[in-house]
Number of protein chains: 4
Amino acid sequence: MSAIAPTPTRQRRKEARPQELLDAALALFVEKGFAATRSDEVAARAGVSKGTLYLYYPSKEELFKAVVRQNLSTLIAEGAQIAGQFEGPTPELLALLLRTWWERVGSQPASGIFKIMFAEVRNFPEIAQFYVDEVIIPAHQLLGGAVERGIKRGEFRKLPVDDVVHALVAPMIFMSLHEHSFGCCPVRGHDYSPESVLTTQIDLVLKGLEVRPAATAAKKDRKR
Amino acid sequence: MSAIAPTPTRQRRKEARPQELLDAALALFVEKGFAATRSDEVAARAGVSKGTLYLYYPSKEELFKAVVRQNLSTLIAEGAQIAGQFEGPTPELLALLLRTWWERVGSQPASGIFKIMFAEVRNFPEIAQFYVDEVIIPAHQLLGGAVERGIKRGEFRKLPVDDVVHALVAPMIFMSLHEHSFGCCPVRGHDYSPESVLTTQIDLVLKGLEVRPAATAAKKDRKR
Amino acid sequence: MSAIAPTPTRQRRKEARPQELLDAALALFVEKGFAATRSDEVAARAGVSKGTLYLYYPSKEELFKAVVRQNLSTLIAEGAQIAGQFEGPTPELLALLLRTWWERVGSQPASGIFKIMFAEVRNFPEIAQFYVDEVIIPAHQLLGGAVERGIKRGEFRKLPVDDVVHALVAPMIFMSLHEHSFGCCPVRGHDYSPESVLTTQIDLVLKGLEVRPAATAAKKDRKR
Amino acid sequence: MSAIAPTPTRQRRKEARPQELLDAALALFVEKGFAATRSDEVAARAGVSKGTLYLYYPSKEELFKAVVRQNLSTLIAEGAQIAGQFEGPTPELLALLLRTWWERVGSQPASGIFKIMFAEVRNFPEIAQFYVDEVIIPAHQLLGGAVERGIKRGEFRKLPVDDVVHALVAPMIFMSLHEHSFGCCPVRGHDYSPESVLTTQIDLVLKGLEVRPAATAAKKDRKR
DNA sequence: AATGAATGAGATTTCATTCAT
DNA sequence: GATGAATGAAATCTCATTCAT
């Protein structure tokens, strides 16, 4: 039909290979962990032979690093997208950031990367620093910025910013971890839909941040 | 001197063996993960030979299960201790529960069990159910009960109990995970002391749960 | 200009290919040995792709044999050149043969073939006989003939011809072997120029062969 | 019978293992070369399993080095023994050194080490230096010393010492190489007994070294 | 009961060889 | 003819497990 000759199969596949291999590896690493995943499994899932895998990544460890890097970049990119030129009230900004994060990251396959990180960083110190620099710090800056904005604008109480960020972030990532670990084995008797957890989490934290005349309960608690 | 002959070293050690082995195994499994931990390392750390390990546990997998089971029991026992016959206002009860949990569990070595669980459950399905039944559900019942108490007594807003529990629990466990993963690689520029995080988390959530006349911000957020 | 069209590059190279491949292979086999030389290295050094190599030689083993055969032929051809219609005194003939051999063979890259032969014949029995028939025997005949000529003409003592040939040949080839093995790693403190070794070797052996009235020392030695 | 309990089989074997493995490895490395020898072959020949080999030597390369070192040390020790307190005429000393070397080294299995060295040194630079320092240099010093002694005592002509040593050594080692390479494939029609070669070599070289009034032939040869 | 030498299945990785383009 | 992506057999090495002492 077209005047352009069709890309030859070989070549088309060759270009797609790295991505196919990384996807296969991500899925398996998330499911079974790094050590328990065999090289041939990754190759098989990507539809190639064992040897081909080593044509693209010189060792299983390098493959692992490539998987982490590729998916972290995505995370970072998402973060940048999410942030930006929001104009309205800060509570709405925070709600938007958390919801968007869940839709774009937390509920996507790439969120498996969190499970991998927690499970394996201690065996890959180079990656630890990488992750801290490229994910944790930017994420904290993004959310920390929003919290500070709320405090400055008098919308939020004056609380330690980093700790608030922790309280915001932890339940989100925790949900991802759960899905990838206990996901298959539902906690019977519990109403555990991410959607609901998310909504309540936002409600709760925003209320907790809200400035009000009577803040007696918190003071008491402070004394410790 | 005493009429009681001193326990011979051999025997004394013999009785302590299982515990020593489990402790060594826990430490290593937490540090390196199940697959990456070698049997001889465990034996060496427990001060016995490889062969001896197999006298007590018939396989590395069984050793792993024993480690998890033993430490889950500990967790459960801790849970029971923490709960109890509290009489005062519910916010104080919740604060007490969270603080006690952190002191007795989260900040202790045994908290490494959380990291193990997330990393390995999918490879040990039998354990998954075990953990759900023995840890997740009891913990949720404990905290869920407290939240419900607060709602019934008119101290807390009516929010979905399970979701509130998630918001309470996640940041706590998340801190444990961090210590065991990125602990060695501090996030420079961030003020991340568990003590501070804990205090803010309690303050934030209790404020979020508090009943007040004007709850406008939350309503707005709900619409989306 | 010329009526003859210039050979197209492709074709010109095509004809040169086998030689280029054999040269590349010889160099690498000499340097690293048969097993440690990778096919792609040979191809790369010859400036072609791995696939092309297999268009010319059906396997690495056949390539090896071709390398040996081709270079053995060279050795043989050299042998023929060296021999010839010499008329003068036999000591001079021998000196000439040894010097010429060193210049034309021993000091040339092709001498690497000796290293290969010693290292690999036992893995390639077909080649062993080939080498014996085509190199060792002709060489021995050539030198043996010269030695016999000397004995017959009364220039040399009556010594076992084959053993004398060994004493003539060994130091020469030994030098080649050294260059290809320890060449890169000079024996400090030793004066080891091939030129000097060669001169002394000729001097020594010719003196040793020389007929003289008093040959007492040698007789004593014989007794043992 | 004896009061001494018999060494338990396990332990007895354990002590013998390194030697058994080194012997097996030497034989196979000499026969097939380093790269072409498979680890399990070595293990099998030593009567143990693959895994056991790695209990004693952490890699095939280390095994190779151990083989070389063990056998070279022997060589050096032998050299030292042989040298020493010889009192008689230098020609007899040289003859003794060469004969003893052949009996104790050249004709023994350990002589296979020479073949290995020539074939593999370029791939193991550390070993190259080791060999030069521990074998080549001591050997040259030993023989060089003897040659110098002869020159000083007026028994030998003044010739470049290092070159003479080369002429002495080369035919001996060359014989070893031959046995290990073409040994299985005799050069028909040639009388090639080591004994005979050795005798002639000694005769020839000692005559060549001998001091005599008329040394015309050598002078002529020098001119070129 | 305790040991640690021995085992061998299994994992990673390499590389000669093939074959679609 | 030429290419180089793909293959998979084979080699090295690891480590959970056994068992003679």
Side-chain angles (χ1 to χ4, degrees), chain A residues 5-15 17 35-43 47-63, chain B residues 10-11 13-14 17 35-44 47-63, chain C residues 10-11 13-14 17 35-44 47-63, chain D residues 5-15 17 35-43 47-63:
Chain A
T7 316
T9 306
R10 267 291 176 94
Q11 196 172 331
R12 214 182 329 122
R13 294 197 66 197
K14 194 209 157 182
E15 275 155 23
R17 279 288 143 74
T37 298
R38 298 201 322 283
S39 309
D40 356 10
E41 280 182 285
V42 175
V48 300
S49 76
K50 217 179 345 172
T52 302
L53 172 58
Y54 283 86
L55 235 46
Y56 292 87
Y57 301 96
S59 72
K60 193 178 149 188
E61 196 166 319
E62 285 305 320
L63 172 64
Chain B
R10 251 310 168 84
Q11 195 171 333
R13 290 200 61 203
K14 188 195 149 190
R17 280 286 149 74
T37 296
R38 297 202 325 280
S39 311
D40 356 11
E41 278 182 286
V42 175
V48 300
S49 77
K50 220 182 339 175
T52 304
L53 172 59
Y54 281 83
L55 289 178
Y56 292 88
Y57 301 96
S59 74
K60 192 179 153 189
E61 204 165 311
E62 285 305 321
L63 171 64
Chain C
R10 255 302 171 86
Q11 196 171 332
R13 292 199 60 202
K14 188 196 147 188
R17 282 284 150 73
T37 297
R38 296 201 328 279
S39 311
D40 357 10
E41 278 182 287
V42 176
V48 299
S49 77
K50 221 184 332 175
T52 304
L53 172 58
Y54 281 83
L55 289 177
Y56 291 90
Y57 301 95
S59 73
K60 193 178 152 189
E61 203 165 312
E62 285 306 321
L63 171 64
Chain D
T7 316
T9 306
R10 266 291 175 95
Q11 195 172 333
R12 213 182 328 120
R13 296 196 67 198
K14 194 209 155 180
E15 275 155 23
R17 278 288 144 73
T37 297
R38 297 200 323 282
S39 310
D40 356 10
E41 279 183 286
V42 175
V48 299
S49 77
K50 216 183 344 171
T52 303
L53 171 59
Y54 283 87
L55 235 46
Y56 291 88
Y57 300 97
S59 73
K60 195 178 148 188
E61 197 166 317
E62 284 305 319
L63 172 64

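Proteins come first, then strands; the chains are lettered A, B, ... in the order of their sequence lines, and each starts at number 1.
With Lys50(B) contributing its side chain and Glu41(B) its backbone, the two residues share no donor-acceptor pair below 3.5 Å.
dG4(F) is paired with dC19(E) under the Watson-Crick or G-U wobble criterion, all donor-acceptor distances under 3.5 Å. Nucleotide dA1(E) forms a pair with no other nucleotide shown, judged by Watson-Crick or G-U wobble geometry with both contacts under 3.5 Å.
Mapping Leu55(A) and Asp40(D) onto DNA chain F by nearest heavy atom places Leu55(A) at the nucleotide closer to the 5' end. Mapping Pro58(B) and Gly51(D) onto DNA chain F by nearest heavy atom places Gly51(D) closer to the 5' end of the strand.
Rounded to a whole Å, the CG atom of Leu53(C) is 12 Å from the P atom of dT18(E). We find that CZ of Arg38(B) is positioned 13 Å from C1' of dC13(F), with the value rounded to whole Å. Following rounding to the nearest Å, Glu41(D) (CD) and dA10(F) (P) show an atom-to-atom distance of 13 Å. In this structure, the OH atom of Tyr57(B) is 17 Å from the P atom of dA16(F), given to the nearest Å.
Side-chain N/O atoms of Ser39(B) include one lying less than 4.0 angstrom from OP1 or OP2 on dA16(F). Taking 4.0 angstrom as the limit, Arg17(C) places none of its side-chain polar atoms (N or O) nearer than this to OP1 or OP2 of dG1(F). Dashed line: the shortest gap from a side-chain N or O of Ser49(A) to OP1 or OP2 of dT7(F) is under 4.0 Å. The side chain of Thr52(A) contributes no N or O atom lying less than 4.0 Å from OP1 or OP2 of dA5(F).
Taking CZ from Arg17(C) and CG from Leu55(C), the interatomic distance works out to 9.5 Å, rounded to the nearest 0.5 Å. Here the OG1-OH distance, from Thr52(D) to Tyr56(D), works out to 7.0 Å after rounding to the nearest 0.5 Å.
Comparing dA2(E), dA16(E), dC13(F) by their closest approach to the side chain of Tyr56(B) singles out dA2(E). Taking only side-chain atoms of Lys50(D), from C-beta outward, the nucleotide of dC15(E), dC13(F), dA5(F) with the closest atom is dC13(F). Of the candidates dT7(E), dT12(E), dT17(F), the closest approach to any side-chain atom of Tyr54(B) belongs to dT17(F).
Using a 4.0 Å heavy-atom cutoff across all strands shown, Lys60(D) reaches sugar-phosphate atoms only and no base atom.
Minimum heavy-atom separation, Ala35(B) to Ala36(A): CB-N, 4.5 Å. Minimum heavy-atom separation, Tyr54(C) to Ser39(C): OH-OG, 3.5 Å.
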